[in-house]
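Just so we're on the same page: letters track the sequence lines, and every chain starts at 1.
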2 protein chains.
Amino acid sequence: MSTQTQSEWAEHALAALADAGYRRGGARTAVVEALAEHDCAVTALDLDEELRRRKPAVGRASVYRALEQLEQLGLVQRIEVCRGTAGFERIDPTGHHHHHAICRDCGKMVPFEDQSLEKALAQVAGTMPFDVTEHDVVLRGRCEHCAR
Amino acid sequence: MSTQTQSEWAEHALAALADAGYRRGGARTAVVEALAEHDCAVTALDLDEELRRRKPAVGRASVYRALEQLEQLGLVQRIEVCRGTAGFERIDPTGHHHHHAICRDCGKMVPFEDQSLEKALAQVAGTMPFDVTEHDVVLRGRCEHCAR
DNA sequence: ACGCTTTTGAGAATCGTTCTCGTTACCCGA
DNA sequence: TCGGGTAACGAGAACGATTCTCAAAAGCGT
């Protein structure tokens, strides 16, 4: 079922890219497929390393380009994982999403979701003199392992 | 009154640094004073530029060092302002704090605070297998000026 | 004032990300 | 089906923010 969701996202993303007028391209498709296989945020460099080994190797620039386009179309979300490194993860087209708690010591990332948090965020967004399109929420601290 | 709060924070921060065993140092003190004068997040490079002009010029390395130490002691919070640049702002010892909405086009930053958001965050934090010490919330979108 | 340590500043090094540019691959129309 | 125009690509250079290195210059307890 998880696999199902993943391939659904890949199809959705590729369709959205086509609708946006992008041509089909091997590198971009590879990035979409790689993202589809990750359930939580990955860094661009991790993706790069992963894709560099492919049959026709994918270049770093293509990875970043694809990620930027995907972000632009609202297909992936970028979050700050740690000190100047971005993590990327696919956005469920239903709008259903989660946030993260990140350990300041080991970098471990734990996803969570909370309805009342979303409600509070939506409400605040409505009162701002801003056209808010997305939000970042990150809890920081120490994971159970690093806490002692 | 705002000035009052600022100098109070500076005193508080300097005392905390002393308690932590740090010696008095001109550069670090300058960073604390500069932070005290900003009501919202500043980037390290902005601080650097600001402090380079001082009587005894403060070096970039010292600015970053001081910020790291202050963050470590829970005296300043670091937030991702945009693409790989961090913003820093003082943390009120009473725990009272705000979050930010950031324009993706012009970078304009608008602070806000919301009680029910804080409540939801605190509640979620309690359910995580994490010792959560702080949280980042950033609303992203376009400001009223860039929106049209 | 002395001596041991911490702090400091200038510049080099690092790391993630973005840009450049010559080449390759797609897609539309003839 | 066969171009031709244009988007996509990969390699490496460039860039900006941050961190590291190291010798010189203060702190602070004695």
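As rounded to whole Å, 14 Å separates atom C1' of C:dT20 from atom CZ of A:R60. Rounded to whole Å, the distance from CG on A:L14 to P on D:dA8 is 13 Å. Here D:dC9 presents its P atom at 12 Å from CG of A:L67, a figure rounded to the nearest Å. Atom CG of B:D48 and atom P of C:dT8 are 14 Å apart (whole Å). Look at CG on B:L47: it is 13 Å from P on D:dA17, rounded to the nearest Å. In this structure, A:L17 atom CG and D:dA7 atom P are separated by 16 Å, rounded to whole Å. Going from atom CZ of B:R65 over to atom P of D:dC22 covers 14 Å, rounded to whole Å. The CG atom of B:D46 sits 15 Å away from the P atom of D:dG16 (whole-angstrom rounding).
The neighbour count for B:R24 CZ, taken as heavy atoms of other residues, nucleotides or ligands under 6.0 Å away, does not exceed 12.
A distance-only check finds a donor-acceptor pair linking the side chain of A:W9 to the backbone of A:I91 [under 3.5 Å]. Side chain of A:R28 to main chain of A:A66: no donor-acceptor pair is present (N/O by atom type, distance under 3.5 Å, no hydrogens or angles). A distance-only check finds no donor-acceptor pair linking the side chain of B:R140 to the backbone of B:I102 [under 3.5 Å].
Of the side-chain N and O atoms in A:Y64, none sit less than 4.0 angstrom from OP1 or OP2 of C:dT18.
The side chain of A:A61 has D:dG10 as its nearest neighbour among C:dG9, C:dT17, D:dG10.
Ionic pairing of B:R60 and B:E49 is not present here: no N-O contact between side-chain nitrogen and carboxylate oxygen is shorter than 4.0 angstrom. Of the charged side-chain nitrogens involved, at least one lies within less than 4.0 Å of a carboxylate oxygen, so that A:R78 and A:E71 count as a salt-bridged pair.
A donor and an acceptor atom, one from each side chain of B:H99 and B:E118, are located under 3.5 Å apart. A side-chain donor from one of B:T133 and A:R104 sits under 3.5 Å from a side-chain acceptor of the other. In the model, B:Q77 has no side-chain atom that pairs as donor or acceptor with a side-chain atom of B:H97 under 3.5 Å.
Sorted by residue number, the members of residues 70-89 of chain A with any non-hydrogen atom under 4.0 Å from DNA chain C read A:G84, A:T85, A:A86. Residues of residues 18-31 of chain B that place a heavy atom closer than 4.0 Å to DNA chain C, in numerical order, are B:Y22, B:R23, B:G25, B:G26, B:A27, B:R28.
Comparing A:V58 and B:E68, the nucleotide of DNA chain D nearest to each residue sits closer to the 5' end for A:V58.
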